[in-house]
Structures are given as structure tokens and as C-alpha cells.
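This report concerns only the one structure given below.
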Amino acid sequence: MRTEQDALTTTSNRLHPKQGEVIDRSTTIRFTFDGVEYTAHPGDTVASALTAAGVKVLSRSFKYHRPRGLLCCSGHCPNCLVQIGDEPNVRACTRPVEPGMEVRAQNVWPSLNRDLLSLTQLGSRFMPVGFYYKTFIRPQKLWPLYEHTLRHAAGLGEVDIDTPLGEFDKQYLHTDVVIVGGGPAGISAALSAAETGAQVLLFEENPALGGHLRFTVPLESSSTTKASKDLPELLEAVDRQPNITVFTDTSVLGWYQDNWLCAVKGARLFKIRTKSVVVATGAYETPLIFDNNDLPGVMLGSAVQRLVHLFGVLPGGQVVIVTANEDGWDVAADLQSLGVNVAAIVDEREPSACASPYREGLTNAGVPVFYRHTILEALGSNEVRGAKIARLDGQGEISLATAQSLQCDLIVTSMGWTPATELAYMAGGKSEYHEDRAEILPVSTPPGIYVVGRAAGTHAVNSQISEAQRAGSNAAAFVGFGEFDESTAYSSGVLEPRRTSERVCVPGKKKQFVCYCEDVTDEDVETAIAEGYDSIELLKRYSTISMGPCQGAMCSMNTIHLCARANDWTVQETGTTTARPPTTPVTLGALAGQNMEPVQTTPIHQWHLDHGADMMVAGLWLRPNHYGDPAAEATSVRERVGLIDVSPLGKLQLTGPGVPELLERIYTNQWDNLRVGRVRYGVMCNDEGVVLNDGVCAHVNDETWYMTTTSTGATTIFEWLQWWLQSGWGEGIHLTDLTDTYSAFNLAGPQSRTVLEKLTERNLANKAFPYMRLRSAKIAGVSCRLLRIGFTGELSYEVHCPSGYALHVWEALMDAGREFDIAPFGVEAQRILRLEKAHIIVGQDTDAMSDPLSANMAWAVKLDKPDFLGKPSLMRISAEGPKQLLVGFKMVEPNVVPDEGLQIVESEADGQLKIVGWITSSRFSPTLEEAIGLCWLPPDIASQNGASFTIRMDGHLAEARVHHGAFYDPDGERLRM
Amino acid sequence: MNTSKTPVKLTPLHSAAQRLGATFIEQRGWRIPQVYTTLEDEVVAAQERLTLADETSNGKLLLEGDQAESVLMDTFDLGSLKINEGHDGIYRLRSDLFFISTPPGREISIRKKLTTASAASEQFVTITEVTHGRAEIRVIGPHSQELLSKVCGLDFHPSAFPNETAKQSSLAKTTQLIIRCDIGELPAFSIIGVQSLGPYVWDTMMEAGTEFGVVPIGRAALAALGEE
Ligand code: FES
Ligand code: FES
């Protein structure tokens with residue numbers, strides 16, 4: 001045994017080096033906490049380094065701003081949440097220190113040690129459980145003030161909205177068996193599953209495998225003796241086993257249907273598909289509820305052991321250990337062997353119930369032991385200065401007359417364990433309360449899900465190992481590797497002596513915290529139950545117990561006991577709350593993963609950029625909006641020639657004898673008479689007669705049709721057609737999406753024919769190649785399809801070429817057009833040009849209610865066809881008459897361009913303005929030199945050419961007049977030149 | 001008529017290759033990256049780490065129809081294929097849909113053969129060439145599976161995704177056809193999807209592959225690795 005002299009360094013709480021520690025003492029690094037510089041060794045966590053420096057208060061509580069210090073040291077409570085740089089809510093006890101790290105306390109004002117917000121405790125009677133439903137709601141007009149103040153006082157950490165996007169990503173994993181938890185049970189399960197040949201993924205939330213064996217001491221006769229000595233052996237076996245992949249620092253957040261697990265390691269999210277799961281997640285040590293139980297210096301036994309053995313740090317020099325099991329005695333022996341002054345062991349049991357192998361040694365060493373005693377209060381204001389203890393009478397009640405105070409700076413509680421079985425319950429496992437063990441343990445799990453180790457209530461290491469080996473082979477057998485071991489899975493733990501006390505709360509007069517995260521006291525629980533929130537689920541929702549950062553790890557078991565007691569129910573009757581992901585907090589960044597936003601570009605994309613295009617997003621496509629001056633681009637089309645990249649147009653190939661019939665069914669106009677080489681415009685409607693899409697379709701040869709759709713509707717229409725083909729209309733039809741196979745450019749303007757003639761031998765004369773025809777031709781040496789159509793209202797040719805040749809053809813067209821001052825034009829110029837022709841854009845001028853009869857496309861609807869999609873609805877609309885009509889308009893003041901979306905209003909008798917329509921498209925026409933547009937109007941106005949109506953502009957009204965027909969070249973002569 | 005320039009086919013990844021400093025060669029009318037850095041480095045990267053290559057110039061045909069399989073069997077010496085299974089560049093995607101991958105340029109002759117066979121059989125079969133419409137990115141190297149597991153939910157382990165298997169899946173939120181086509185012992189996958197998404201898929205995989213030291217490789221390295 002070491003002496004105190006040996007164990008403690010003189011300058012800090014750091015112990016002398018010892019085996020198993022994870023710090024590198026040869027190097028010292030510096031970091032700051034609230035502006036003060038501290039030192040650490042690589043391997044230290046922020047909390048271990050601060051504890052080594054004597055810092056006890058790390059945070060302030062959520063509601064009352066009470067000082068909080070280390071409680072669990074395992075990442076399972078809220079007490080060490082800090083802000084590191086711009087990252088809030090970091091657990092100081094698990095985050096390794098990095099050189100130069102800037103750590104700050106969060107949620108404090110003005111400082112951690114003098115947080116004036118702690119004065120809220122004085123007003124705690126105004127903030128009972130559920131106070132936000134009860135107080136601060138009157139007078140209503142003061143709510144903004146209350147809200148501002150409450151928001152300032154509450155909340156955890158600060159989010160800096162200027163923080164650059166992090167490097168998050170995700171990865172999919174597939175395996176036969178997943179083991180969650182890398183303690184002795186998890187490792188053993190992994191080894192036996194892997195031995196059968198199954199692929200195993202082993203997840204451990206800590207930086208290394210080993211679980212509690214990493215920080216419990218292999219003293220003689222201890223239950224952990226053999227296994228601790230075996231830990232290196234187990235780790236070596238894992239290393240040697242090629243079928244096991246280990247993920248440390250990785251938390252499994254949830255189980256979803258069909259063994260779909262989600263885990264997170266730093267900035268990476270794993271989505272895991274497995275065939276079976278072994279839950280070896282261990283247990284949370286359960287805190288005891290007593291007066292001031294949240295005072296810094298009150299810690300769980302396992303937390304102290306972690307600090308001592310992993311980081312060589314002692315959190316106190318004079319310790320009172322409060323216990324009800326052998327684990328507390330283990331901690332006492334452990335600390336005593338390191339030379340710590342164990343001021344007392346306070347054991348609530350009779351001496352005869354204590355079976356600790358250290359009992360004799362500790363007693364002989366003069367450690368005072370108080371059997372049948374428990375703790376009443378942690379003494380001290382900002383940190384522990386002592387412990388008040390008292391005797392329990394024959395009924396287990398506190399005998400206040402026996403109360404006495406002991407001096408100490410550390411109170412360690414070891415009262416029992418809450419199995420960490422959330423994943424098993426998410427997977428559909430069932431649990432039962434074992435009275436003799438005072439633990440809720442799994443009793444059944446769905447096929448392929450196994451629970452082992454402390455999670456199954458098995459604490460003795462050798463039992464953990466044998467039970468886990470069996471579960472590991474069964475998990476593999478479930479997947480088809482090896483044989484099932486038929487012995488029961490959950491037998492080991494329930495045979496062990498009790499480790500957990502039923503006494504979860506020692507009644508008192510001061511604040512006693514049940515839920516540390518949400519600052520809920522035992523009194524709050526009683527109040528909530530008295531108010532009628534008696535079921536455990538209601539109690540959770542009303543009080544927010546177990547909804548904090550630890551997700552109930554520290555409070556759920558105690559709450560169930562308190563709830564049972566207050567209702568006079570059994571724990572079994574009280575039940576548990578539903579386990580839901582995530583088991584531990586996860587950043588939104590990790591859930592979002594790598595920023596993947598698909599973007600579609602045409603083969604001419606780089607050319608557009610090189611020529612100054614201002615790009616816009618249309619669906620997933622990036623398209624040139626304009627190249628600097630859209631009005632000039634439009635003029636160039638009207639007067640000379642322009643070229644636009646329309647590659648995003650949907651292009652579908654339909655082949656087979658069944659196509660004409662399909663076209664009749666999906667378009668509203670007639671198709672079965674379309675001859676080879678001809679092109680026709682068509683409108684598609686859904687069952688309700690609402691316009692879905694429009695475009696042209698060409699009859700290429702006997703068996704082939706070539707359909708174009710709007711750019712943003714291409715995928716939808718392809719899928720929609722597929723749906724109809726698979727629903728019985730597919731006989732004799734094949735559908736192929738050629739959107740990407742062909743790139744398309746529209747060469748438009750009076751000079752377009754002359755330009756194109758320079759690149760082809762095909763006769764382009766109007767007679768040989770009239771309007772609404774399709775021809776194939778070699779353009780600049782490339783076989784292309786030419787469609788003579790005209791969205792812009794000018795003579796124009798849509799050139800469709802294989803995409804690999806797109807740049808070649810585009811550049812050849814630009815070169816050929818140079819002598820005519822050709823200009824590339826973008827989407828904006830195209831919109832101006834089509835508006836001058838009063839052509840609609842589906843989705844802009846139409847919406848989810850627009851039918852073609854109302855949308856000025858009645859000419860494209862043949863109601864006398866036998867049948868087509870939307871016909872019954874259109875028949876009804878035709879009979880009843882449309883309620884609104886889409887119509888063109890001109891502004892009375894030619895320079896005033898109303899915004900798209902503005903309302904059209906009418907004065908009512910009482911002077912109020914009634915909305916009667918709205919603007920869908922509007923532009924200043926460079927050709928007509930006046931503002932024009934399209935709008936929806938009631939039929940009585942829309943049907944009168946020249947009728948005037950009023951548009952509600954920003955702050956004033958403007959007058960416009962209905963305009964029938966195209967604004968430009970109404971007879972379409974320029975298209976047919 | 002002015003056709004002064006000889007037509008040249010560019011892949012959708014051409015601009016990306018230019019940015020990455022590739023030198024180009026012309027092969028079967030396609031301008032394709034020959035080498036990005038040095039042949040040696042690119043070969044070593046493929047053998048030891050992770051590489052991406054632009055193989056868009058490979059011919060691509062779709063054969064659709066209830067009788068597509070019998071037309072294929074008549075044309076090639078081919079046994080029956082299960083869905084997702086492939087042989088010699090022919091992959092069955094659905095019961096009535098096959099994807100045919102050919103070395104650059106050979107799609108023309110294969111298409112002719114199939115057209116003749118389908119005409120002779122008088123079956124309703126549609127043969128469509130989609131070479132220009134699909135970008136093809138080859139992922140080569142020991143870290144191929146890990147890279148793909150970051151962008152796609154499929155199981156890429158050889159037991160679940162053996163060589164000469166083709167699966168359609170979502171990859172980086174886009175629809176892609178993924179074909180396992182190892183080079184000897186070296187794991188390799190072809191990622192085939194619409195060309196307009198090619199640059200995005202390339203950039204996404206380059207970014208996801210950074211941790212594995214991904215680099216682009218050209219035709220020369222592919223040839224050195226034993227690819228035609
Ligand atoms: S002390 Fe850090 S989470 Fe509990
Ligand atoms: S203590 Fe964390 S949720 Fe209650």
C-alpha cells in the first residue's frame with residue numbers, strides 16, 4: 001500500500017503515476033477556463049485537469065443557477081456542461097483538453113463563482129414545477145418582459161450564428177452482429193460472436209475498451225480481480241480477431257425498426273444495418289436524494305474511481321462514503337490504499353449484511369464505519385465542507401436526534417445502479433421490477449436482441465463474461481453462424497446479491513434534487529403528483545424530469561420510486577417512461593451530415609460562366625438567368641438572332657405500338673392523327689383536371705415519339721408516366737428518359753435560318769421544313785434532331801444533339817451567328833419573349849387549382865375525345881363555366897410594372913377593397929415599350945377586351961386593362977416565316 | 001456550310017478534369033483525361049488508397065422488353081441472369097430491362113447486332129443508346145467500399161455486393177447505377193448516373209474521399225492497372 005506521502009504530489013490533486021492511467025505526463029499543455037490559465041497533460045479531459053487544479057465548480061444549474069461540480073464523470077449528467085470556443089454544452093468530463101482551448105462556464109451572469117442569477121432561488125416559490133403554465137402569465141401585457149428575463153436566465157450555452165459550417169459527414173455500416181458497449185461483457189460477446197465467423201461491430205462510448213475494468217482496482221478477493229487481470233488478454237484477443245471492428249468514442253443513439261441503429265462519433269454519424277444486437281451498455285450509478293445533494297463535492301463512487309485511475313486525480317482529501325452495497329466499500333478501500341483520508345463509511349445496512357472483503361482491513365485501519373446510518377445533508381455553500389449523517393431506526397426511519405456532522409471535502413455515494421437498457425426497450429424489450437434487487441431488469445427481448453452485463457443486472461465480472469459469451473454466440477447463431485446455446489440469457493444477474501438500495505431519498509428541509517438537468521426537486525415531484533400528474537408519463541411531461549441532457553440517466557429510476565411512493569403504488573405498477581432516441585445528446589450538424597445538395601449542370605455550364613452568365617437555380621438545375629442585359633438579349637432575338645441553352649427540358653422517348661393511345665389518354669388534345677415528322681403542343685392534366693405540365697411531342701418514326709416537358713417537371717412527368725404504364729396502360733410501350741442524352745439549344749430570331757444553314761446541308765426552307773415539324777440533320781458534323789417550334793414567338797429551331805457534342809454544336813452556332821451579331825440569351829429574356837406572346841408557364845401562371853379551360857388553353861382541350869386524364873372534371877368545369885380566367889393585361893401607366901403575386905381588387909359598397917384576382921407574370925416589354933402581364937380575373941372582367949381593373953400596389957392602386965391574345969405578332973406570322 | 005472544327009465529344013467531367021490539371025487524349029472521338037499528375041503516382045494511389053476515374057466514354061445501351069433476355073441470348077453467348085447480376089458487361093436491372101456497358105466505341109456495333117437480332121425475332125424490344133446521357137465515374141482502390149459507404153446506404157461488402165453485380169440506388173441524394181467491377185484483386189465500382197449530375201457526384205466523392213487520400217487518375221493509369 002502506498003503512503004499518503006507517496007501518493008499525492010504537493011502542488012496539486014494529481015497522484016503519482018500509476019498503471020492504467022491515460023495521461024502523458026511527459027508533456028504539459030495549457031488551456032483557459034473562464035479566462036484563467038490552467039495546465040493539463042495530453043489525455044486529460046477538461047474536467048480532470050480542472051479537478052487536478054482544485055477547481056470544483058464547473059457549471060451553474062439550469063433554473064436556480066446553483067453551483068454544480070462533477071457528479072458522474074462519465075458523460076451522463078449535466079453537471080459539467082461548458083462552452084468550448086463556439087461550441088456550447090460540451091461535457092468537460094469527456095472532452096479531451098487541447099492546447100489553447102478556451103473553456104467558459106455557460107449560463108452564468110456575471111461569473112461562474114458569483115452568479116447573480118442564483119438569486120432566482122429566493123423566488124423559487126414563484127417557480128414551482130410547471131411554473132411556465134401557472135405563473136408569469138398575468139398581466140398579459142407584461143409577458144414580453146417576463147419572456148425576455150426568463151430567456152436570459154434559462155437556456156444552456158450560446159450558439160454563435162457566425163460559426164462556419166463544420167465538417168460533418170455520415171457513413172453507412174452493414175454487419176451481422178452489433179455489440180453496444182465495450183466493457184468485459186461487450187468484449188466477451190464480440191469475441192464469441194466473431195469466432196463463429198460472423199462480422200461484428202463493437203461500439204464503445206469511451207475512448208478505450210474495458211468498461212469499468214479500466215478504473216476499478218484489481219485488489220485481492222475483489223469480484224473484479226480475475227477479470228481485471230484478464231483485460232489485457234481480452235483486448236489482445238479483440239486485436240487479433242479480424243471479424244471485429246471496434247468503434248471507440250462512439251455513442252449508439254437509437255434503435256430503429258429492423259435493427260437499424262444510429263451512432264455518432266464526433267462529427268460523423270453512422271447508420272448501421274445489422275442482423276442482431278447485443279446490448280452491453282452497462283449501468284448508470286444512481287445518485288441519492290438528500291439535502292443539498294447537488295453541492296460540488298458530492299460525487300458518485302464510479303466517478304471518483306475514473307478520476308483516480310484514469311487521470312491520477314483526487315477530487316478531495318477527506319472523504320465520507322455513503323453506501324448501501326459492496327461497491328461503496330470497494331471505493332473506500334481503493335481511496336484508502338492511495339492514502340486518502342476516509343473520514344467515514346456510512347452504510348445504511350446492518351453490519352451483518354455487509355459482505356465486503358475490505359471490511360476487516362478498513363476497520364482495522366481505523367476507518368470509522370457507521371452502520372444503519374445515512375446522510376441527511378451535504379454541508380457547505382459553494383462546495384462540500386462536511387456531511388450531516390444520522391442513524392436509522394428499526395423501521396428504517398431517520399432518527400434526527402442522532403444527527404451528527406462529519407468534516408470532509410468529498411461525499412461519495414454508492415447506492416446502486418440503473419441498468420442502461422434504453423436500446424433494448426427501443427427494440428421492444430420488456431422489463432420487470434425485481435424487488436429483491438431493487439432494479440428494473442429486462443425480462444424479454446425480441447428475437448436477435450440480447451442484453452448482457454450490468455444492463456441485464458449482472459454485476460459480477462465472471463458472470464458478465466460467461467453470460468456475454470453465450471449471448472454473443474446466440475447473436476451469431478441468430479444470423480446463421482454456429483449453434484444456439486439454449487441456456488437462458490438473463491439468469492446470471494438475478495441470482496446475485498442486491499447492489500441497489502430502495503432508499504432513493506432521505507427526507508429533509510432543504511433543496512433536494514431529483515433531476516439535475518431540469519432542476520426538479522423532490523418537493524416538485526410531490527406537488528406535480530398532488531396536482532394530478534400522477535402517472536409516470538404525465539409526471540415526466542409536466543415536470544420535464546428525464547427530458548434534460550442526460551435523458552434520465554441520473555433521475556429516471558429515482559423518479560419512478562418517488563412516484564410509486566407518492567401514489568402508494570408498487571414500482572412495477574408505476575412502470576417506466578418510453579425509451580426514445582437519442583440516448584445521448586447529438587449535434588444537429590452530426591445528424592445533417594455532409595452537405596449534399598445535388599446540382600444539375602448542362603454541358604455548356606462552364607461556357608456560360610466564362611461568358612459572364614448570372615446563374616439561377618431552377619429545380620436542381622443551374623441555368624443562365626442572363627448575361628448582363630436581359631432586355632438587350634430579348635431585343636437581339638426579336639431583331640436578329642439569339643441562342644439559349646434549353647438542355648434542362650425534359651426529353652422522353654416513347655416507343656411501341658401502344659404510344660398513340662397513351663398520348664390520347666395523357667394529353668387533353670388529339671394525338672392519334674399526328675404524322676411522322678410532325679410536332680404538336682400538348683397539355684397534361686391530372687385526374688382533377690389541373691394542369692400538370694405542357695410541352696411538345698414529335699412523331700419521330702413509325703414506332704418512336706419524342707416528348708419534351710418543362711425543365712423542372714421532367715422527373716415528375718417521367719415518374720408519372722411510369723406509374724400509368726405500370727398501372728395497366730403500358731401494353732406495347734417503352735419509356736426512356738433522354739433528358740441527359742440530348743442537350744438542346746433554341747436558335748431564335750429572324751436570322752436563325754440563315755445561321756443554321758451555314759452548318760448543315762439539310763434544306764431548311766420554309767416549305768421543306770415548316771413550322772411544327774421535326775427533322776434530323778447534321779449540324780456542324782453532328783447528327784441532331786431539329787424541332788421547328790417557337791416559344792419566343794420568332795422563327796426558331798430547337799437543336800437537340802448528343803450531350804457529348806453539346807459544346808461543339810453550341811460553339812459552332814455561336815461562330816456561325818457572329819456575323820449576325822448573335823447573342824446568347826438567358827431565362828429572363830426568354831420569359832420576356834414568351835410573355836410578349838402571352839404564352840403561359842406551367843407552375844408560374846398556373847397553380848394547383850388551375851385547369852386548362854380557365855388558363856386560356858381551351859383550344860388545346862378536346863372534350864369530344866373518348867377519354868383522357870381529367871376529362872370528367874373538365875366536362876364539369878365546361879358545363880358550369882370557369883370561376884376565374886387567366887388573361888393578359890397592359891398597364892394604363894406603361895412604365896409601372898406590378899410585382900408578380902400582387903392582388904387585383906374591387907371596391908365594395910362599403911368602400912372596402914375585395915380581392916378578385918392576382919398577377920402571375922409581369923415584365924416591361926422592350927419590344928412594346930410598356931408593362932404587360934398575365935393575371936387571373938373573374939370571367940365577367942376577363943372576357944371583355946380592354947376592361948379596366950385595379951391592382952393593389954405597395955401603398956397605392958394602379959389601373960390596368962384586359963388584353964386578349966398575344967401582345968406581339970398576334971397572328972403568329974413571324975413563327976411561320 | 002461551315003464545319004471547320006472536327007466534332008469532339010466532351011464528358012460532363014471535362015471542366016473538373018481541367019481544373020484538376022489533367023492532360024487529355026482523344027480516343028474514339030472522346031477527349032478524356034490521360035494523366036493528372038504522374039502515371040506512377042496515380043497507379044500507386046489506385047493500388048494503395050483511393051482513386052476516381054472518368055469513364056464516361058464507355059458505351060452504354062439500354063435494352064428493354066419482355067423478350068429482351070431472349071434477344072440477348074440469341075446475340076451473345078449468355079446464360080440467364082438474375083436481377084442485379086451481370087456478365088461480360090451485360091447487367092440485368094429488371095426482369096425486362098438490361099444495361100450493357102461496352103468499351104468506348106463498341107456500342108455502335110453491339111447496338112447494330114441487337115437491332116438485327118430483335119428485328120429477326122419480331123419481338124417488341126427497345127434498344128436505346130445512353131452513352132451521352134450518363135456520366136460514369138470509376139472508384140478504384142482499397143478504400144472504395146469505405147468511400148461509397150459515406151455516400152450510399154448499400155452494403156458494399158463482397159459477400160453482399162459481389163463482382164459483376166449492378167444495383168440502382170440513391171448515392172449522395174441522386175439516383176445512380178452502381179456496378180462492381182474489380183480490377184483483379186483491387187476493389188472497383190462504376191458509378192453511372194445522368195450526366196448533368198456528374199460534376200456534383202464527382203465533387204461529392206472527391207470531398208468524401210479526402211480522408212482516404214483520394215486522387216483522380218487518367219486513362220494511362222487505368223491502362224497500367226490492366227484496364228483496356
Ligand atoms: S460529470 Fe460530466 S457528465 Fe457528469
Ligand atoms: S437528471 Fe438529467 S434528465 Fe434528469
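The sequence lines fix the lettering, A, B, ..., with proteins before strands; numbering per chain opens at 1. The structure presented is a predicted model; accordingly, all values stated were derived computationally and were not measured.
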Distance, nearest 0.5 Å, that separates CD of B:Gln145 from NE2 of A:His174 = 10.5 Å
task = Decide yes or no for A:Glu597 and B:Tyr200: does some side-chain heavy atom of the first lie under 4.5 Å from some side-chain heavy atom of the second?
result = no
query = Using a cut-off of under 4.5 Å for heavy-atom pairs, which of A:Asp740, A:Val782, A:Thr175 has the most such pairs with chain B?
reply = A:Asp740
query = Does atom NZ of B:Lys113 have more than 12 heavy-atom neighbours from other groups under 6.0 Å away?
reply = no
ask   = Do other residues, nucleotides or ligands put more than 12 heavy atoms under 6.0 Å from the CD atom of A:Glu661?
value = no
request  = State the CD1-CG distance between A:Ile604 and B:Leu10, to the nearest 0.5 angstrom.
outcome  = 9.0 Å
key: Where at least one partner belongs to residues 114-124 of chain B, residue pairs that pass side chain to side chain donor-acceptor pair (under 3.5 Å), sequence neighbours excluded   = none
B:Val194 side chain near A:Thr739 side chain, heavy-atom distance below 4.5 Å = no
request  = For A:Glu731, look at atom CD and say whether over 12 heavy atoms of other residues, nucleotides or ligands are found less than 6.0 Å away.
outcome  = no
query = Is any side-chain heavy atom of B:Glu129 less than 4.5 Å from a side-chain heavy atom of A:Thr741?
reply = no
message = Using side-chain contact (heavy atoms from CB on, under 4.5 Å), reason through A:Gln594 and B:Thr204 one step at a time and then give a plain yes or no.
response = CA-CA 9 Å; A:Gln594 187 184 341; B:Thr204 304; 3.7 Å; yes
A:Leu738, part contacting chain B, at a heavy-atom distance under 4.5 Å = side chain
request  = Please state whether the side chain, the backbone, both or neither of A:Ile733 comes within less than 4.5 Å of a heavy atom of chain B.
outcome  = backbone
task = Identify which part of A:Arg268 has an atom lying under 4.5 Å from any heavy atom of chain B, answering side chain, backbone, both or neither.
result = side chain
ask   = A:His605 versus B:Ser15: any side-chain heavy-atom pair under 4.5 Å?
value = no
message = Within a 6.0 Å radius of atom CZ on B:Arg94, are there more than 12 heavy atoms belonging to other residues, nucleotides or ligands?
response = yes
query = What's the shortest heavy-atom distance between B:Pro7 and A:Gly781, and which atoms?
reply = CG-O, 3.8 Å
note = Under 4.5 Å to a heavy atom of chain B? For A:Leu609 that would be neither
key: Pairwise side-chain contact, A:Thr601 with B:Ser196, heavy-atom cut-off 4.5 Å (strictly under)   = no
task = Examine whether an atom of B:Pro12 lies under 4.5 Å from a heavy atom of chain A, and if so say whether it belongs to the side chain, the backbone or both; otherwise answer neither.
result = neither
query = To the nearest 0.5 Å, how far apart are CZ in B:Arg134 and OG in A:Ser803?
reply = 10.5 Å
key: Among the listed options A:Pro657, A:Ser647, A:Gly656, A:Pro648, the residue most often paired with chain B at heavy-atom distances under 4.5 Å   = A:Gly656
task = Using only heavy-atom distances, determine whether the side chains of B:Thr126 and A:Thr655 contain a donor-acceptor pair under 3.5 Å.
result = yes
query = Just checking heavy atoms, which of residues 148-169 of chain B are less than 4.5 Å from chain A?
reply = B:Ser149, B:Lys150, B:Val151, B:Cys152, B:Gly153, B:Leu154, B:Asp155
message = Is A:Asn595 in contact with chain B via its backbone, its side chain, both, or neither, using a 4.5 Å heavy-atom distance?
response = neither
query = Is the B:His132 to A:Tyr742 ring centre distance short of 6.0 Å?
reply = no
task = Find the distance between CD (B:Glu207) and CE (A:Met596) and round it off to the nearest 0.5 Å.
result = 8.0 Å
message = Quick check on the interface: out of B:Thr174, B:Thr11, B:Val125, B:Thr128, who has the most heavy-atom pairs with chain A under 4.5 Å?
response = B:Thr128
inquiry  = Using heavy-atom distances under 4.5 Å, tell me whether B:Arg31 contacts chain A through its side chain, its backbone, both, or neither.
reply    = neither
inquiry  = Contact between A:Gln606 and B:Arg19 at the side-chain level, heavy atoms closer than 4.5 Å - yes or no?
reply    = yes
key: CD (A:Glu167) with more than 12 external heavy atoms under 6.0 Å   = no
